[in-house]
> 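My questions will all concern the structure given below.
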Amino acid sequence: MCGVAEVKEPCSLPMLSVDMENKENGSVGVKNSLENGRPPDPADWAVVDVVNYFRTAGFEEQASAFQEQEIDGKSLLLMTRNDVLTGLQLKLGPALKIYEYHVKPLQSKHLKNNSS
């Protein structure tokens, strides 16, 4: 029982601090244009927005790698396949899914939205 409480406590504290940071980083004027607590353009995401995006997408364990490496939205949009597969030190399976189903589509959407 004591071990379970110790596991839950550290997990809940970082989430609380992420929520607090997210509120502090969002400016009052931008709040109306937020999508799921993040600015709609990934280039405007803070590190906590990137972390929350991957947590929401089901990559709870891997999200911490983005926080440790301080990957914000601009950095995320610059990442190559090799960066995700080797630079974050993730297991290959999740790293491939993160790049193919999340990073690459976010990059394509950003380029499409900013090329017009």
> Once rounded to the nearest 0.5 Å, what's the spacing between atom CG of Asn52 and atom CZ of Arg38?
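If I round to the nearest 0.5 Å, the distance is 7.0 Å.
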
> Name every donor-acceptor pair, under 3.5 Å, that has one atom in a side chain of residues 39-48 and the other anywhere in the protein, sequence neighbours excluded.
residue, atom, partner, partner atom, Å
Asp41, OD1, Ala43, N, 3.1
Asp41, OD1, His110, ND1, 2.8
Trp45, NE1, Pro39, O, 2.6

> So which atom in Gln67 and which in Val51 form the shortest heavy-atom distance, rounded to 0.1 Å?
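Taking every non-hydrogen atom into account, CB-CG2, 3.5 Å.
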
> Compile the donor-acceptor pairs under 3.5 Å between side chains in residues 86-94 and protein atoms, sequence neighbours left out, one pair per line.
residue, atom, partner, partner atom, Å
Thr86, OG1, Asn82, O, 2.7

> Determine the minimum heavy-atom distance between Ala95 and Leu85, stating which atoms define it.
CB-CD2, 3.6 Å

> As a test of understanding, state which of Ile71, Asp72, Leu77 forms a side chain to side chain contact (heavy atoms under 4.5 Å, CB included) with Lys74.
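Among the candidates, only Asp72 passes.
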
> Rounded to the nearest 0.5 Å, how far apart are NZ of Lys97 and CZ of Phe59?
6.5 Å

> Could you check whether any side-chain heavy atom of Leu111 comes within less than 4.5 Å of a side-chain heavy atom of Ser115, counting everything from C-beta outward?
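They are not in contact (no side-chain heavy atoms under 4.5 Å apart), so the answer is no.
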
> Can you sort out the partners of Lys104 under side-chain contact (heavy atoms from CB on, under 4.5 Å), two or more places apart, ordered by chain and number?
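If we apply the side-chain contact (heavy atoms from CB on, under 4.5 Å) test to Lys104, skipping adjacent residues, the hits are Tyr99, Glu100.
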
> Under the rule for side chain to side chain donor-acceptor pair (under 3.5 Å), what residues qualify as partners of Thr80, not counting sequence neighbours?
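Partners of Thr80 under the side chain to side chain donor-acceptor pair (under 3.5 Å) test: Asp83.
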
> Should Leu76 and Gln107 count as side-chain neighbours, where that means a heavy-atom distance under 4.5 Å?
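Sidechains of Gln107 and Leu76: no contact.
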
> Could you note down all residue pairs passing ring-ring contact (aromatic ring centres under 6.0 Å, His included) where residues 72-91 supplies at least one of them, sequence neighbours left out?
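Listed by first then second residue: nothing to list.
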
> Please list all pairs meeting ring-ring contact (aromatic ring centres under 6.0 Å, His included) that have one or both residues in residues 62-83, counting only residues at least two apart or in different chains.
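Every ring-ring contact (aromatic ring centres under 6.0 Å, His included) pair that includes a residue of residues 62-83, provided the two are not neighbours, is Phe54-Phe66.
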
